[in-house]
Amino acid sequence: MTDGAAVVVGVDGSYSSLAALDVAADEAAWRQRPLRVLHAYAPPAGQDQMKFAEPRVVTRWMVADAMSRALARHPGLEAGTRLVCGATDEVLLTESRTASLLVIGSRGLCGLRGLLAGSTGTRVTTGAHCPVIVVMRGEHAPDGGPVLIGVDGSRPSMAAIAFAFAEAAQREVPLIALYAWVHPHSVDGDSLDPVADGFAEAKRAAIRELDEALRGWEAKYSEVAVSRKVLFSLDPARELVAASTRAGIVVVGSRRRGKMRSLLFGSVGYTLIHHSSCPVAMVPPIDDRLAAATWFARTGGAGLAAG
């Protein structure tokens with residue numbers, strides 16, 4: 001096992017968090033990174049959090065059981081536990097500053113039901129400083145399923161593409177790059193009337209944009225078989241959800257822009273974490289090349305593409 005930033009998974013004993021634990025253990029083994037099993041707990045009613053430091057015995061048992069499950073799955077895995085008294089979102093965001101990857105279940109994480117339905121889930125998935133994998137409804141990625149990456153040509157997708165290629169290489173599976181483009185159209189009642197020539201040119205432009213986004217990565221990860229899917233759609237999120245039924249994991253970029261980040265999380269990410277048939281990786285943007293060098297060193301990526 002090599003030294004490096006840990007893969008952190010939040011557990012609370014729920015079925016969803018145990019599925020997240022399995023995914024996290026696999027990721028740590030693939031990446032040759034340590035696994036950290038984390039549980040955030042609240043102090044008893046009426047207790048001052050600053051004065052309350054010891055978790056309940058049942059909590060310690062639950063975390064120990066989670067550790068045993070991870071080691072049974074990957075016997076040689078370097079793993080440890082951490083129990084923290086504090087708010088779930090604050091603890092997870094703090095961990096994300098030094099983690100290579102954060103893995104969470106979509107329900108029941110650290111005692112909070114419906115995590116991703118409210119502000120806590122939005123804050124974690126859009127505010128984390130490392131990639132976040134969300135495991136929906138207690139499901140686990142099917143063995144051998146391809147990595148599906150949603151590409152939109154924006155800067156935030158650069159880090160997502162890097163993550164997706166590294167993920168496909170680690171899993172030894174193909175990568176599917178899906179670019180769903182929206183053509184400008186005129187509206188007459190409920191009908192769409194796209195101009196044929198403009199439609200064809202828009203599609204050619206989408207193909208060029210996808211090729212540009214993938215350029216360099218295919219050479220860097222020559223062992224990864226890549227297929228492209230460019231299609232016209234008014235609802236890219238729906239296309240990714242449909243494709244997720246055949247994927248091992250879906251990768252998309254998240255957008256973090258100050259106080260508006262929760263509003264700019266976007267319908268694609270929001271829809272995926274509620275309806276995807278496989279785990280979803282939300283990858284934060286990289287602000288500049290210096291930050292990129294640090295990010296890739298911590299997360300285990302192969303670095304920026306040439307040029």
>> Show, in sequence, the C-alpha distance, side-chain angles and deciding distance for Ile149 and Phe165, and conclude whether the side chain to side chain contact (heavy atoms under 4.5 Å, CB included) test is met.
In response: CA-CA 9 Å; Ile149 169 74; Phe165 268 93; over 6 Å; no
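- For the side-chain hydrogen bond (donor to acceptor under 3.5 Å, both in side chains) with Asp26, the lone residue among Gln170, His74, Arg171 that qualifies is His74.
- Under a hydrophobic clustering in which Ile, Leu, Val, Met, Phe, Trp and Tyr are joined whenever their side-chain heavy atoms come within less than 4.5 Å, directly or via other members, Ile207 and Ile161 fall into the same cluster.
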>> Apply side chain to side chain contact (heavy atoms under 4.5 Å, CB included) to residues Arg208 and Arg204 and explain how you reach the verdict.
In response: CA-CA 6 Å; Arg208 290 194 299 270; Arg204 287 192 292 269; 3.8 Å; yes
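- To the nearest 0.5 Å, atom CZ of residue Arg36 and atom CG of residue Leu102 are 10.5 Å apart.
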> Are Val252 and Met282 close enough, and set up right, to give a side chain to side chain contact (heavy atoms under 4.5 Å, CB included), and what steps lead you there?
Replying inline: CA-CA 5 Å; Val252 292; Met282 303 294 299; 3.4 Å; yes
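- Between the Ser277 side chain and the Ser244 main chain, no donor and acceptor come within less than 3.5 Å of each other.
- Of the charged side-chain nitrogens involved, at least one lies within less than 4.0 Å of a carboxylate oxygen, so that Asp211 and Arg228 count as a salt-bridged pair.
- When every heavy atom of Met67 is checked against every heavy atom of Ala79, the shortest pair comes out as SD-CB, 3.5 Å.
- Considering CG of Leu240 and CG of Leu272, their distance stands at 5.5 Å, rounded to 0.5 Å.
- At least one donor-acceptor pair closer than 3.5 Å links the side chain of Ser100 to the backbone N or O of Ala6.
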>> Let's go through Val124 and Val134 carefully: what are the C-alpha distance in whole Å and the side-chain angles of both, what is the deciding distance for side chain to side chain contact (heavy atoms under 4.5 Å, CB included) to 0.1 Å, and is it a yes or a no?
In response: CA-CA 10 Å; Val124 171; Val134 182; over 6 Å; no
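- Under a 3.5 Å cut-off, the side chain of Ser17 and the backbone N or O of Gly105 do not form any donor-acceptor pair.
- Across all their heavy atoms, Cys278 and Ala247 have their closest contact at CB-O, 3.5 Å.
- Partner of Glu167 under the side chain to side chain contact (heavy atoms under 4.5 Å, CB included) criterion, chosen from Val283, Val224, Val147, Val173: Val147.
- Atom CD of Gln32 is separated from atom CG of Leu77 by 11.0 Å, given to the nearest 0.5 angstrom.
- Residue Ile249 is not grouped with residue Trp30 when hydrophobic side chains (ILVMFWY) are merged at heavy-atom distances under 4.5 angstrom, including chains of intermediate members.
- Side-chain atoms of Ser96 come within 3.5 Å of backbone N or O of His129 as a donor-acceptor pair.
- When hydrophobic clusters are built by joining Ile, Leu, Val, Met, Phe, Trp and Tyr residues whose side-chain heavy atoms come closer than 4.5 Å, directly or via intermediates, Val230 is grouped together with Val251.
- For CD of Glu223, the number of neighbouring non-hydrogen atoms (other residues, nucleotides, ligands) closer than 6.0 Å is greater than 12.
- Contact record, Val7 with Ala28: CG2-CA, 3.9 Å, taken as the closest heavy-atom pair.
- Of all the heavy atoms in Ala5 and Pro34, the pair that sits closest is O-CD, 4.1 Å.
- Taking CG of Leu214 as the start and CG of Leu175 as the end, the distance is 7.5 Å to the nearest 0.5 Å.
- Between the side chain of His39 and the main chain of Leu83, no donor-acceptor pair closer than 3.5 Å is present.
- Of the inter-residue distances, the one linking Asp89 atom CG with Thr94 atom OG1 reads 9.5 Å to the nearest 0.5 angstrom.
- Applying the side chain to side chain contact (heavy atoms under 4.5 Å, CB included) test between Val23 and each of Ile104, Leu101, Val135 identifies Val135 as the sole match.
- Heavy-atom minimum distance, Val37 versus Ala66: CG1-CB, 4.0 Å.
- Under the 4.0 Å criterion applied to side-chain N and carboxylate O atoms, Glu239 and Lys229 are not assigned as salt-bridge partners.
- Of the possible donor and acceptor atoms, one in the side chain of Thr245 sits under 3.5 Å from a partner among the backbone N and O of Ala242.
- Atom CZ of Arg69 and atom CG of Leu18 lie 4.5 Å apart (nearest 0.5 Å).
- Here the closest heavy-atom approach between residue Ala128 and residue Leu93 is recorded as N-CD2, 3.6 Å.
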